[in-house]
Amino acid sequence: YAPNLTTINTTDPMTNPSTFKDPGPLVLQNDGNVDVNVSIYSVTAANFIGGTNPTYEWNASENETGSCSGNSNLTSAITSFTATPTNLCTNLTFTESTDALNIDVYLGIPPDVRPGYRETMVNITAQRYCSVVPC
């Protein structure tokens, strides 16, 4: 028998339990004046939630079409958080109409999680994008 997970996500709030109805995605917007290379990381599900087979995952997509003009992990694939940074977009532009990404977060909480308070951070890093070296 595999325990059922209580799932919480930011993509479809109507499926979330109780009153957790309106989180929406994290929106990352480049309001700077240079294109940037963006990565994401956090702790693993086991280190954050605990229990048997928890999930702590992310998925990124363009909020505005054309925002990521470089290589990316902007796919429909849901990816588990790791402590190692994963590239989201190698060239997030700063042009006003094409400068935003959505990041959705998914949690799967198993029934055998010990009661208690938990918190973590989603770390997003941005470094100046350079198409030629040196910049």
Side-chain angles (χ1 to χ4, degrees):
Y1 171 75
N4 292 327
L5 295 175
T6 298
T7 58
I8 301 172
N9 71 75
T10 61
T11 58
D12 188 5
M14 296 312 293
T15 65
N16 291 327
S18 187
T19 58
F20 189 68
K21 300 288 187 207
D22 193 25
L26 302 170
V27 178
L28 176 65
Q29 187 164 331
N30 182 1
D31 283 338
N33 58 5
V34 297
D35 295 346
V36 292
N37 180 9
V38 181
S39 297
I40 188 170
Y41 65 97
S42 190
V43 298
T44 64
N47 289 335
F48 173 36
I49 300 169
T52 304
N53 299 318
T55 60
Y56 178 39
E57 303 164 314
W58 61 271
N59 173 267
S61 60
E62 288 184 324
N63 179 287
E64 299 169 333
T65 302
S67 293
C68 184
S69 65
N71 294 332
S72 73
N73 281 309
L74 305 179
T75 67
S76 60
I78 298 171
T79 305
S80 293
F81 276 105
T82 66
T84 304
T86 300
N87 177 266
L88 287 182
C89 175
T90 58
N91 189 3
L92 175 59
T93 66
F94 67 92
T95 304
E96 181 58 34
S97 61
T98 58
D99 66 348
L101 303 176
N102 288 334
I103 302 169
D104 288 295
V105 176
Y106 304 80
L107 294 176
I109 304 169
D112 62 346
V113 168
R114 296 178 65 82
Y117 175 79
R118 299 191 178 48
E119 71 176 42
T120 190
M121 293 180 62
V122 173
N123 300 285
I124 299 171
T125 59
Q127 295 178 323
R128 182 178 179 183
Y129 169 77
C130 295
S131 59
V132 295
V133 176
C135 288

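This chain uses plain numbering: 1 for the first residue, then up along the sequence. Remember, it's a predicted structure, so these values are computed and weren't measured experimentally. All heavy atoms count here, side chains included; hydrogens, waters and symmetry mates do not.
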Legend entry - Donor + acceptor pair across side chains of Asn102, Asn63 (<3.5 Å): yes
Inset, instruction - Write down the atom of Pro54, the atom of Ala45, and the distance for their closest heavy-atom approach. - result: O-CB, 3.6 Å
Legend entry - Whether Glu57 side chain and Thr79 backbone form a donor-acceptor pair below 3.5 Å: no
Legend entry - From CA spacing to verdict: side-chain contact (heavy atoms from CB on, under 4.5 Å), Ile40, Trp58: CA-CA 9 Å; Ile40 188 170; Trp58 61 271; 3.8 Å; yes
Legend entry - Considering all heavy atoms, the nearest Val43-Tyr56 contact: O-CD2, 3.4 Å
Legend entry - Pair Leu92-Ser67, side-chain contact (heavy atoms from CB on, under 4.5 Å): steps then yes or no: CA-CA 6 Å; Leu92 175 59; Ser67 293; 3.9 Å; yes
Legend entry - Which residues share a ring-ring contact (aromatic ring centres under 6.0 Å, His included) with Tyr41, sequence neighbours left out: none
Legend entry - Heavy-atom pair with the smallest gap, counting every atom of Thr52 and Pro110: O-CB, 3.2 Å
Legend entry - Residue pair Asn37 / Asn87, side-chain donor-acceptor N/O under 3.5 Å: yes
Legend entry - Test item: Arg114 side-chain N/O and Asp112 main-chain N/O as donor-acceptor pair under 3.5 Å: no
Inset, instruction - Working to the nearest 0.5 Å, report the span between OG1 of Thr55 and CD1 of Ile78. - result: 9.0 Å
Inset, instruction - Using atom types as modelled and distance alone, determine if a side-chain donor or acceptor of Thr120 lies under 3.5 Å from a backbone N or O of Phe48. - result: no
Inset, instruction - Tell me whether Leu74 is reachable from Tyr129 by hopping between hydrophobic residues (I, L, V, M, F, W, Y) whose side-chain heavy atoms are closer than 4.5 Å. - result: no
Legend entry - Hydrophobic cluster membership, Ile124 vs Val34, 4.5 Å side-chain cutoff: yes
Legend entry - Glu119 and Tyr117: side chain donor to acceptor below 3.5 Å: yes
Legend entry - Side-chain donor/acceptor of Arg118 to backbone N/O of Ile49, under 3.5 Å: yes
Legend entry - Glu62 side-chain N/O to Cys68 backbone N/O, donor-acceptor pair under 3.5 Å: yes
Inset, instruction - Supply the atom-to-atom distance Ser39 OG to Asn123 CG, rounded to the nearest 0.5 angstrom. - result: 11.0 Å
Legend entry - Asn47 CG: over 12 foreign heavy atoms closer than 6.0 Å: yes
Inset, instruction - Test Asn73 against Thr86 for side-chain contact (heavy atoms from CB on, under 4.5 Å), laying out the working first. - result: CA-CA 8 Å; Asn73 281 309; Thr86 300; 3.6 Å; yes
Legend entry - Straight-line distance of Arg128 CZ to Asn33 CG, nearest 0.5 Å: 8.5 Å
In residues 94-101, what donor-acceptor pairs under 3.5 Å come from side-chain atoms, sequence neighbours left out?
| residue | atom | partner | partner atom | Å |
| --- | --- | --- | --- | --- |
| Thr98 | OG1 | Thr93 | OG1 | 3.2 |

Legend entry - Heavy atoms from other residues, nucleotides or ligands near CD of Gln127 exceed 12 (cutoff 6.0 Å): no
